[in-house]
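For this chain, numbers begin at 1 and follow the sequence in order.
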Amino acid sequence: MNTLFTQPLKVVNAGLQSFASNIQKVGGDVTALSWQPPAQGDVAAGLDLAALLRHPWVEQANQIAMERYLNAQPALVDVMLAHEAIPAMAERKLILHSGPPISWENMCGPVKGAIVGAMLFEGWATSHEQAECLILAGDISLEPCHHYHAVGPMAGIISPSMPLWVIENKTNGQRAFSNFNEGLGKVLRFGANNDEVLNRLSWMRDELAPALKAAVHQLGELELKPLMAQALHMGDEVHNRNAAATGLLIKRLLPALLSCNLPLENVQRVVAFITGNDHFFLNLSMAACKAMMDAAANVPFSSMVTVMARNGVNFGIRLSGTGDQWFQAPANAVEGLFFPGYGVDDAAADLGDSAITETAGVGGFAMASSPAIVKFVGGTPADATNNSRRMQAITLGGNPAFTLPALNFAPTAAGIDARKVADRGILPVINTGIAHKQAGVGQIGAGITTAPMTCFVEAIRVLAKEVQNGDKA
């Protein structure tokens, strides 16, 4: 058949698949239609998408990537200072931030404020002005956490002297890292950098971290998937709600802490800090999810999404089959509930590495397990359940390790397939905190957002070229 006809037919075929996937039964024989052209109506991108749908290489690669993700067994094995865990941080003045790469000039207020705070904490500068001069002179390296197998919430800042959770995938020995959660109020992750913030960071380094390191060594290691799975059955979704997971964590850590012969006052302060912060487990959840997604990375021709991250300006994704390449677009707005006195005009754009939880099939994908989360992010319990169901349409399968009681213990949808996102026009849902656009003000609300479609369309274009080049080889 003439290619003048076959190419348009491929696009039509892709469009029909998208059309069929978006017909929803309302009741009896009545249907409702929610449909838009695949790949944002871009004909060239539609052809690329059509070339990838049911391509045997892509299907095989996705099966490999999904199996590696499912087989990952993240375990908490240690607590280390960042310069010990990440060699590059011992070699130069390096600060890691959340999201995809971005220059200092283009960063949002909270990230800039947090970077300055980290420099003050490290003793690299004694004032905000000096810190900015050093950055502009090129004396400080600023790179994404994800470039070093690390993740951090909101601003995501990791500097050399900060303690990190060390998570090891027991299946392949790869490690992932996250900083410690500081609690609420004036904290570095929202750009605050006053004496209160710096003193807390020093205490976390000097007292909290050594105590937790001793406790982890006493435990030997702590498997995180079973703990996360149990928390899902107790009302968490292990992104914006971690009350149960934090309780389960302290239940395991406390006997170990008491066995370490630490001064009682030290143990009391550590326990008070953890129990006073329901989000303490978040950073462990993020690092566990990072370890699972790293296991699925770098499978040639796979369309599975391995990273979703935001820097307060742009949203970025990575695919397994395209390696370390980022696909970016301006971050979507967050729709949700604001604290009294704040509104949309006060908000920074979507921010943080915590969308790694949704990438791994929990967080917004597991909202059906956490109906109480809607009191924090908005909506209704039915909305939470519907979000978990909708995500099944854009994933490669489910994760039987994480099940949702509200959906008859169905596995969480997992393994985001960029092809399905572009084809069906259904965007990954993310529940998230909302930061004030000015550094140091802090959290001003929480809500629901999605990844921008442009990221997935661009990723499809590049993946299609990879497959095309493979066909020619």
Side-chain angles (χ1 to χ4, degrees), residues 86 88-89 94-115 118 135 140-159 176-179 189-191 239 286-287 289-290 293-294 296-298 302-334 348-360 363-364 416 418 421-422 427-430 432-435 437 449-463:
I86 302 172
M89 302 202 84
L94 171 63
I95 292 177
L96 307 183
H97 62 78
S98 62
I102 187 170
S103 66
W104 169 261
E105 292 80 5
N106 294 325
M107 288 179 177
C108 69
V111 174
K112 283 187 172 182
I115 289 172
I135 293 169
I140 310 297
S141 298
L142 306 174
E143 298 185 48
C145 291
H146 276 288
H147 289 188
Y148 295 89
H149 304 284
V151 282
M154 304 310 291
I157 301 304
I158 296 174
S159 65
F177 313 100
S178 180
N179 50 12
R189 69 178 182 273
F190 287 107
H239 180 173
M286 291 171 58
C289 290
K290 176 61 175 170
M293 299 320 303
D294 277 356
N298 299 311
S302 172
S303 60
M304 182 173 170
V305 177
T306 55
V307 171
M308 295 194 297
R310 314 89 91 203
N311 56 30
V313 178
N314 293 326
F315 193 110
I317 70 169
R318 284 174 163 181
L319 301 190
S320 176
T322 54
D324 294 337
Q325 185 168 352
W326 287 94
F327 304 97
Q328 300 188 51
N332 288 339
V334 180
D350 197 17
L351 177 64
D353 287 331
S354 56
I356 194 66
T357 57
E358 280 81 7
T359 318
I416 300 168
V421 175
L427 295 168
V429 65
I430 300 163
T432 183
I434 303 174
K437 61 187 178 184
T449 190
T450 56
M453 179 61 76
T454 302
C455 296
F456 298 93
V457 174
E458 289 302 313
I460 288 297
R461 300 295 303 272
V462 172
L463 184 63

Q: Between Thr359, Asp324, Asn298, which is the residue that forms a side-chain contact (heavy atoms from CB on, under 4.5 Å) with Arg318?
A: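 Output: one option passes, namely Asp324.
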
Q: Identify the two heavy atoms, one from Ala355 and one from Met308, that lie closest to each other, and give their separation to 0.1 Å.
A: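 Closest approach of Ala355 to Met308, heavy atoms only: CB-O, 3.5 Å.
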
Q: If I compare all heavy atoms of Pro101 with all of Asn311, which pair ends up nearest, and what's the gap?
A: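 Closest pair (atom of Pro101, atom of Asn311, distance): O-ND2, 4.0 Å.
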
Q: If you compare all heavy atoms of Met286 against all heavy atoms of Pro153, which two are closest, and at what distance to 0.1 Å?
A: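 For Met286 versus Pro153, the nearest heavy atoms are CE-N, 3.5 Å.
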
Q: What orientation do His146 and Trp326 show, parallel under 30°, tilted 30 to 60°, or perpendicular over 60°?
A: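 The arrangement is perpendicular - the two ring planes meet at more than 60°.
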
Q: Is a side-chain donor or acceptor of Ser303 paired with a backbone partner of Ala418 at a separation under 3.5 angstrom?
A: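 No, because the side chain of Ser303 does not come within donor-acceptor range (under 3.5 Å) of the backbone of Ala418.
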
Q: Is there side-chain contact between Met453 and Val457, with at least one heavy-atom pair below 4.5 Å?
A: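 Counting from C-beta outward, Met453 and Val457 do come under 4.5 Å.
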
Q: Would you mind reporting whether Thr306 and Leu319 have side-chain heavy atoms less than 4.5 Å apart?
A: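 Contact flag for Leu319/Thr306 side chains = no.
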
Q: Under the side chain to side chain contact (heavy atoms under 4.5 Å, CB included) criterion, do Ile115 and Met107 qualify, and how do the steps go?
A: CA-CA 10 Å; Ile115 289 172; Met107 288 179 177; 3.5 Å; yes

Q: Would you please say whether a donor-acceptor pair under 3.5 Å links the side chains of Asn332 and Thr449?
A: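 Not at all, the side chains of Asn332 and Thr449 share no donor-acceptor pair under 3.5 Å.
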
Q: If you round to the nearest 0.5 Å, how far is OG of Ser320 from CG of Leu463?
A: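 Leu463 CG to Ser320 OG: 9.5 Å, rounded to 0.5 Å.
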
Q: Restricting to salt bridge (charged side-chain N to carboxylate O under 4.0 Å, His left out), what partner residues turn up for Asp350, sequence neighbours left out?
A: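 In terms of salt bridge (charged side-chain N to carboxylate O under 4.0 Å, His left out), with neighbours along the sequence ignored, Asp350 is linked to Arg310.
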
Q: Less than 4.5 Å apart, any side-chain heavy atom of Val313 and any of Pro330?
A: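 No, too far: nothing below the 4.5 Å cut-off.
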
Q: Taking the side chain as C-beta and beyond, is there a heavy-atom pair between Ile158 and His97 under 4.5 Å?
A: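 No, too far: nothing below the 4.5 Å cut-off.
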
Q: Answer with yes or no whether the side chains of His149 and Asp294 bring together a donor and an acceptor at under 3.5 Å.
A: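 Present: a donor and an acceptor within the cut-off.
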
Q: Would you give the length of the straight line joining atom CD of Glu105 to atom OG of Ser103, rounded to the nearest 0.5 angstrom?
A: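 Going from the CD atom of Glu105 to the OG atom of Ser103 covers 4.5 Å.
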
Q: Considering all heavy atoms of both residues, which atom of Cys145 and which atom of Leu96 are nearest to each other, and what is their separation?
A: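 Scanning both residues completely, I find the closest heavy atoms to be SG-CB, 3.7 Å.
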
Q: Considering only heavy atoms from C-beta outward, does the side chain of Phe177 approach that of Val151 to under 4.5 Å?
A: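 Answer no - side chains too far apart.
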
Q: Side-chain donor-acceptor pair under 3.5 Å between His239 and Glu358, yes or no?
A: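 Distance-only check passes for His239 and Glu358.
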
Q: Test side chain to side chain contact (heavy atoms under 4.5 Å, CB included) on Val307 and Ile317 and set out the steps.
A: CA-CA 5 Å; Val307 171; Ile317 70 169; over 6 Å; no

Q: Look up atom NZ in Lys290 and atom OG1 in Thr357, then write down how far apart they are to the nearest 0.5 Å.
A: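 The NZ atom of Lys290 sits 13.0 Å away from the OG1 atom of Thr357.
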
Q: Between Thr322 and Phe327, is a side chain to side chain contact (heavy atoms under 4.5 Å, CB included) present by the stated rule, with each step listed?
A: CA-CA 10 Å; Thr322 54; Phe327 304 97; 3.4 Å; yes

Q: I'd like to check Trp104 versus Lys112 (side-chain heavy atoms, cut-off strictly below 4.5 Å). Are they in contact?
A: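 In contact.
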
Q: Nearest heavy-atom pair of Asp353 and Ala150: which atoms, and what distance?
A: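 Closest pair (atom of Asp353, atom of Ala150, distance): OD2-O, 4.4 Å.
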
Q: Flag the pair Leu351 / Val111 as yes when at least one side-chain heavy-atom distance between them is below 4.5 Å, and no otherwise.
A: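 Leu351 reaches Val111 side chain to side chain.
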
Q: Which atom pair, heavy atoms only, marks the closest approach of Leu427 to Pro452?
A: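 Where Leu427 meets Pro452 most closely, the heavy atoms are CD2-C, 4.1 Å.
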
Q: How many angstroms lie between atom NZ of Lys437 and atom SG of Cys108, to the nearest 0.5 angstrom?
A: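 The distance works out to 12.0 Å.
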
Q: Mind checking whether Gln325 and Val462 have side chains closer than 4.5 Å, heavy atoms only?
A: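 Counting from C-beta outward, Gln325 and Val462 do come under 4.5 Å.
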
